[in-house]
Amino acid sequence: MNAVAAAVGRVAVLYTSVFEAIKDVKEENREDMDLALSAKAVADALRSGGYDAWPHAFGKDPGELVAALRASGADAIFNLSECPQLSPEKELHACALLELLRIPYTGNGPLTLGICNSKALAKQLLIANGIPTPRFRHFTDEPGEDPGLSFPLVVKPANEDGSAGITEDSFVTDLAGLRRQVRWLREGFRQDALVEEYVGGREFNVGVLGNGTETDPHRSLPPAELVYRNPRWRLCTYESKWDVTHPSYAEIAPVCPAQVPAGLLSRLSEITLRCARIFRLTGYARVDFRENDAGELFVLEVNPNPDISPDAGMARAARAAGLSYADLVLEILRLGRALGAR
């Protein structure tokens with residue numbers, strides 16, 4: 001460790017292995033998705049800013065992790081821990097552990113991560129605060145009668161991210177299709193279903209940086225639009241995000257910054273910042289939108305700690321705002337350190 005790095009700080013880039021967590025995915029796709037790659041890119045960016053940084057796997061034994069972090073002398077953690085114990089639902093436990101250790105870390109805290117991981121709870125919070133979101137129901141089993149929603153519907157796992165469990169079959173037009181997808185999620189994912197009315201207009205996402213404090217207020221990044229080049233595709237599915245061999249991968253493409261009129265740009269930013277305040281977002285996040293035929297915006301999801309690999313949407317939006325990848329990583333670390341031990 002050189003003197004300059006020691007003066008700036010020592011940062012462990014803590015990650016969980018997605019490669020191990022998603023063994024049902026083709027191996028070549030798992031390699032592309034593995035957070036070990038993101039951890040290396042983040043560590044390289046931190047080193048470019050003078051930090052002594054290294055990737056550090058979360059591992060299977062939290063006790064060993066605690067001992068290793070203490071022995072490392074890390075004074076901050078860049079947190080990329082999405083799947084502790086191979087479970088996305090335990091993402092919040094990683095930063096909770098860091099809070100108990102009193103080590104500053106990047107990104108969102110346990111409460112925000114837990115709320116947003118529960119799609120139904122997140123939507124209830126949106127509704128309670130007057131944020132438009134598609135009408136929905138939460139099913140623990142196959143519906144026995146009309147769901148009380150207007151078809152077509154979209155059927156999602158109730159507790160997942162990265163579009164896991166979302167395929168073109170998730171778009172259903174009748175009760176039989178709804179029952180089929182709810183059953184498929186129960187059997188394949190062992191999860192309840194979040195069922196919402198389909199909003200078929202333009203699709204946008206907006207990144208946000210900041211802690212929501214006086215010194216580091218939330219600020220939105222230029223919006224991106226997911227352009228559906230072929231009407232065959234109606235949803236941003238798991239395949240369209242991660243499987244380069246799937247035809248939808250090339251036919252659903254992000255455009256950033258989105259080409260939108262000033263009024264729509266203002267509304268996207270305003271709603272994003274409202275969501276940031278409501279969900280107490282810290283560090284970085286993304287808000288996903290769909291527009292209906294009347295031009296009304298609906299929030300689909302709020303995503304704390306989205307993918308920040310160099311070719312992902314957050315980095316793309318940062319570049320549109322004039323931030324290099326290293327600038328983005330260093331800013332996320334600065335925001336985390338600004339909050340101190342939480």
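Count residues from 1 along the sequence.
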Side chain to side chain, Tyr325 and Val42, heavy atoms closer than 4.5 Å: yes
Could you tell me if Asn303 and Asp288 have a donor-acceptor pair between their side chains, going purely by distance under 3.5 Å? yes
What distance do Leu14 atom CG and Phe78 atom CZ have between them, rounded to the nearest 0.5 Å? 11.5 Å
Please determine whether a side-chain nitrogen of the Lys or Arg among Glu196 and Lys119 lies less than 4.0 Å from a carboxylate oxygen of the Asp or Glu. no
Within a strict 4.5 Å, meaning less than it, do heavy atoms of the Glu291 and Val199 side chains meet? no
Using atom types as modelled and distance alone, determine if a side-chain donor or acceptor of Gln85 lies under 3.5 Å from a backbone N or O of Lys60. yes
CG on Leu235 to CD1 on Ile166, rounded to 0.5 Å: 7.0 Å
For the pair His218 (side chain) and Leu281 (backbone), establish whether a donor and an acceptor sit closer than 3.5 Å, ignoring hydrogens and angles. yes
Report the residues that fulfil side chain to side chain donor-acceptor pair (under 3.5 Å) with Asp44, sequence neighbours left out, ordered by chain and then residue number. Lys40, Arg47
Atom CG of residue position Asp293 - does it have more than 12 heavy atoms of other residues, nucleotides or ligands inside 6.0 Å? no
Please confirm whether the backbone N or O of Arg202 pairs with a side-chain atom of Glu225, one donor and one acceptor, at under 3.5 Å? no
Arg10 side chain to Ser72 main-chain N or O, any donor-acceptor pair under 3.5 Å? yes
Test item: Ser220 side-chain N/O and Ser269 main-chain N/O as donor-acceptor pair under 3.5 Å: no
Any donor-acceptor N/O pair, Thr282 side chain to Gly107 backbone, under 3.5 Å: yes
In this structure, are over 12 heavy atoms from other groups packed under 6.0 Å from Arg70 atom CZ? no
Side-chain heavy-atom pair Leu339, Pro104 within 4.5 angstrom cut-off: no
Ignoring hydrogens and geometry beyond distance, is a side-chain donor-acceptor pair present between Tyr228 and Glu203 at under 3.5 Å? yes
For residues 248-258, tabulate all N or O donor-acceptor pairs below 3.5 Å that involve a side-chain atom, not counting sequence neighbours.
unit_1 : atom_1 : unit_2 : atom_2 : d
Ser248 : OG     : His246 : ND1    : 2.7
Glu251 : OE1    : Trp233 : NE1    : 2.4

Do Leu80 and Leu209 belong together in a cluster built from hydrophobic side chains that touch within less than 4.5 Å? yes
List the steps, then state whether side-chain contact (heavy atoms from CB on, under 4.5 Å) holds for Phe204 with Leu265. CA-CA 10 Å; Phe204 303 100; Leu265 179 64; over 6 Å; no
Evaluation steps, side-chain contact (heavy atoms from CB on, under 4.5 Å), between Leu126 and Ile278: CA-CA 8 Å; Leu126 290 170; Ile278 292 164; 5.5 Å; no
Contact check, side chains of Phe136 and Ile127, non-hydrogen atoms, under 4.5 Å: yes
Taking the side chain as everything from C-beta on, heavy atoms only, tell me whether Glu296 gets closer than 4.5 Å to Pro132. no
Closest heavy-atom contact between Ala53 and Leu46? CB-CB, 3.7 Å
Donor-acceptor pair, distance only, cut-off 3.5 Å: does the side chain of Arg180 make one with the backbone of Asp169? yes
Once rounded to the nearest 0.5 Å, what's the spacing between atom CG of Asn292 and atom CD of Glu197? 11.0 Å
Side-chain heavy atoms nearer than 4.5 Å, only ILVMFWY residues, links allowed to pass through others: does that put Val154 and Val195 together? no
Checking the side chain of Arg286 only, and the main-chain atoms of Pro306 only, is there a donor and an acceptor separated by less than 3.5 Å? no
Above 12 or not: heavy atoms from other molecules or residues under 6.0 Å from CZ of Arg280? no
Please answer: with hydrophobic residues joined when any side-chain heavy atoms are less than 4.5 Å apart, are Leu113 and Phe58 in the same cluster? no
Which distance, rounded to the nearest 0.5 Å, do you find between the CZ of Arg179 and the CG of Asp141? 11.0 Å
Counting distance only, does the side-chain N/O of Ser309 pair as donor-acceptor with the main-chain N or O of Ser38 below 3.5 Å? no
Co-membership, hydrophobic cluster, residues Val11 and Trp54, 4.5 Å side-chain: no
Verdict with supporting geometry, Asn129 and Arg277, side-chain contact (heavy atoms from CB on, under 4.5 Å): CA-CA 11 Å; Asn129 285 275; Arg277 291 190 293 272; over 6 Å; no
Closest approach of Pro110 to Leu92 (non-hydrogen atoms, all atoms of both residues): O-CB, 3.7 Å
Looking at side-chain heavy atoms only, is the closest gap between Leu97 and Leu65 below 4.5 Å? yes
What are the two closest non-hydrogen atoms of Ala338 and Asp216, and how far apart are they? CB-OD2, 3.7 Å
Taking the side chain as every heavy atom from C-beta outward, state whether Gln181 and Leu153 have any pair of such atoms under 4.5 Å apart. no
Taking Tyr105's backbone N and O only, do any of them form a donor-acceptor pair with Arg342's side chain (distance below 3.5 Å, no angle check)? yes
Output the distance between atom OG1 (Thr106) and atom CZ (Arg334), rounded to the nearest 0.5 Å. 13.0 Å
Please round to the nearest 0.5 Å and tell me the distance separating atom CG of Leu98 and atom CD1 of Ile77. 5.5 Å
What closest approach, in Å, do Asn79 and Tyr284 show between heavy atoms, and which atom pair accounts for it? O-OH, 4.1 Å
Looking only at non-hydrogen atoms, find the nearest pair between Ala318 and Leu221 and report the distance. N-CD1, 4.1 Å
For the residue pair Cys275 and Val287, what are the closest heavy atoms and their distance? CB-CG2, 4.1 Å
Could you tell me whether Arg267 and Glu270 have a side-chain N and a carboxylate O separated by less than 4.0 Å? no
In terms of hydrophobic clusters joined by side-chain contacts under 4.5 Å, are Leu300 and Ile131 together? no
Candidate pair Arg316 and Asp311, rule salt bridge (Lys or Arg N to Asp or Glu O under 4.0 Å), full reasoning: CA-CA 7 Å; Arg316 189 180 303 113; Asp311 59 351; over 6 Å; no
In the structure I gave you, are the side-chain heavy atoms of Val299 and Phe289 within less than 4.5 Å of one another anywhere? yes
